[in-house]
Protein chains: 2
Amino acid sequence: MRKRKPRSDALRNRDRLIETAKDVLGKGGPEASLEAVARQAGVGIGTLYRHFPTRQTLFDAVFSKDMEQLVETAEGLVDANDPVEALRSWLHANVALVETKRGLLGALAIAMTEESKKTYADQFNRVSTAVDRLLKRAADAGLIRRDVTGDDLLQTMYALCYAREPGPTWRPQVLRLLDIFIEGLKR
Amino acid sequence: MRKRKPRSDALRNRDRLIETAKDVLGKGGPEASLEAVARQAGVGIGTLYRHFPTRQTLFDAVFSKDMEQLVETAEGLVDANDPVEALRSWLHANVALVETKRGLLGALAIAMTEESKKTYADQFNRVSTAVDRLLKRAADAGLIRRDVTGDDLLQTMYALCYAREPGPTWRPQVLRLLDIFIEGLKR
DNA sequence: TGAAAAACGGAGGGCTCCTCCGTATAGTCT
DNA sequence: AGACTATACGGAGGAGCCCTCCGTTTTTCA
């Protein structure tokens, strides 16, 4: 017995929920009410929970597109001429990405737990591979120290993003701190 | 008309609440139930709210002792011989302090908002003064760049503490990232 | 010791979380 | 087309938390 085609209303509702969640979570942070999401999406609360059994699965759905973009940016830079500059611009691109959804910062912090690394394992691996290759090239060229991983970089970046209060000076400050960190990387 | 002496039961309850909060928040993070705090302290919920009208005021009470220690450490280092090393050891001391209450990390993140800077204004000023003096001495000696504030340092430190997952490798990793940052500070 | 200030406790309204299940409906088969 | 059934829907409901309000109790002080 073949499996049926997924029901169209289910697909539609799923999309509406993700779209609405992006909006609501962006404004209200990661603690926003899921019932509000369901309401605003014009959908019963039961429907929300059927599609996304936990808060985390909803976050994951919201972020998966951004993750994809992050991966692509990283992979596009693998063969850059100056590996250190490539790292820097990758990090800067990420900060810009984060800035577009400042309200999601808290949610991002949640998203970066060990738990969700399993969910994102595939993307994380691709990012890690790309970034680690850059790091290795830079280290081989004697440009930076050897004891740093792609994970370190990512975590530090998110940490710095998270630490600063949102506001007009947010971005330059984050970038400055990040650059100091990169400076420290150099041998 | 003189003011009365504060009632003894009030003082007692206040202390119990802070002590219990330290415990409960340490385990459950900053979202832990305040009703649980009241229950475990053997006190009515109304009593908790009378003493601490908001979640933040309760956090503040919990942290005020640690803040004091942080201030003293900073002030003790002002006249150290090597200003950069002094900065480093101050930061390391803070990391150690944070480690003793790993569970409070999330709460700390909350505590570091603009809002609570008003509450801690006094302590923050003393820390800032001490650290800025160290920074200035180091900068005057040409050891580090000039565009960094004590606030930057503090925030970065908490950010790095917050980014890493708790676990046996937590501390060395945080210290390593912090040292990289300090390295980047150097001119 | 007794009055008044100060503090206490917890009921209660409002909100959220999440589950469960009777009802509705889209896809499939004849 | 019509019927059948897997699939999805909605929202009521129990449980927990937030916070306020106020009648009752305790402590201080004259």
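For the numbers below, each heavy atom of this structure counts, side chains included, while hydrogens, waters and symmetry mates do not. Source: prediction; values computed, not measured.
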| Roughly how far, to the nearest 0.5 Å, is OG1 of Thr20(A) from CG of Leu25(A)? | 10.0 Å
| Below 4.0 angstrom from OP1 or OP2 of dG10(D), is there any side-chain N or O of Thr47(A)? | yes
| request: Nearest whole angstrom, please: distance from the P of dA12(D) to the CZ of Arg39(A). | output: 13 Å
| remark: Sorted by position of nearest nucleotide on DNA chain C, 5' first, the leading residue of Pro6(A) and Leu11(B) is Leu11(B)
| message | Rounded to whole Å, how long is the line connecting atom CZ of Arg55(B) with atom P of dC17(D)? | response | 11 Å
| Within less than 4.0 Å of OP1 or OP2 of dC9(D), is there a side-chain N or O belonging to Asn13(A)? | yes
For nucleotides 3-5 of chain D, give me every protein contact, N/O to N/O, under 3.5 Å, one pair per line with atom names.
from	atom 1	to	atom 2	distance (Å)
dT5(D)	O2	Arg4(A)	NH2	3.2

| query | Between Glu19(B) and Arg16(B), does at least one N-O distance fall below 4.0 Å, as a salt bridge requires? | reply | no
| Leu17(B) has an atom CG; how far is it from atom P of dA7(C), in whole Å? | 14 Å
| field | Among Ile45(B), Asp23(B), Leu17(B), the one residue meeting side chain to side chain contact (heavy atoms under 4.5 Å, CB included) with Val37(B) | value | Leu17(B)
| task | Run the numbers on Asp60(A) and Thr57(A) for side chain to side chain donor-acceptor pair (under 3.5 Å), then give the verdict. | result | CA-CA 5 Å; Asp60(A) 290 347; Thr57(A) 52; over 6 Å; no
| said: Please report the distance, rounded to the nearest Å, between CD1 in Ile45(A) and P in dC17(C). | reply: 7 Å
| Could you give the CG-to-C1' distance, from Leu34(B) to dT20(D), as a whole number of Å? | 14 Å
| request: Ignoring hydrogens and angles, tell me if any N or O in the side chain of Asn13(A) forms a donor-acceptor pair with the backbone of Ala10(A) under 3.5 Å. | output: no
| said: If I take atom NE2 in residue His51(A) and atom P in nucleotide dA8(D), what distance separates them, rounded to the nearest angstrom? | reply: 7 Å
| said: If you compare every side-chain N and O of Ser33(A) against the phosphate oxygens of dC15(C) (OP1, OP2), does one of them come in below 4.0 Å? | reply: no
Taking distance alone, no hydrogens or angles, what donor-acceptor pairs closer than 3.5 Å link side-chain atoms of residues 124-137 of chain B to residues at least two apart or in another chain?
from	atom 1	to	atom 2	distance (Å)
Asn125(B)	ND2	Ala121(B)	O	3.4
Arg126(B)	NE	Glu75(B)	OE2	3.1
Arg126(B)	NH2	Glu75(B)	OE1	3.3
Ser128(B)	OG	Phe124(B)	O	3.2
Thr129(B)	OG1	Asn125(B)	O	2.6
Asp132(B)	OD1	Gly150(B)	N	3.0
Lys136(B)	NZ	Asp140(B)	OD2	2.9
Arg137(B)	NH1	Val78(B)	O	2.6
Arg137(B)	NH1	Ala80(B)	O	3.3
Arg137(B)	NH2	Ala80(B)	O	2.7
Arg137(B)	NH2	Asn81(B)	O	3.4

| Which whole-number value in Å describes the distance from Lys5(B) NZ to dA30(D) P? | 12 Å
| request: Name the closest nucleotide to the Ser8(B) side chain, picking from dT27(D), dG27(C), dG10(D). | output: dT27(D)
| query | So, is Arg7(B) close to the dA5(C) phosphate, meaning a side-chain N or O under 4.0 Å from OP1 or OP2? | reply | no
| task | Using atom CG of Leu58(B) as one end and atom P of dC19(D) as the other, report the distance to the nearest whole Å. | result | 11 Å
| query | Any donor-acceptor pair under 3.5 Å joining the side chain of Glu35(B) to the base of dC19(D)? | reply | yes
| remark: Side-chain contact check for Val43(B): nearest option of dG9(C), dA7(C), dC18(C) is dG9(C)
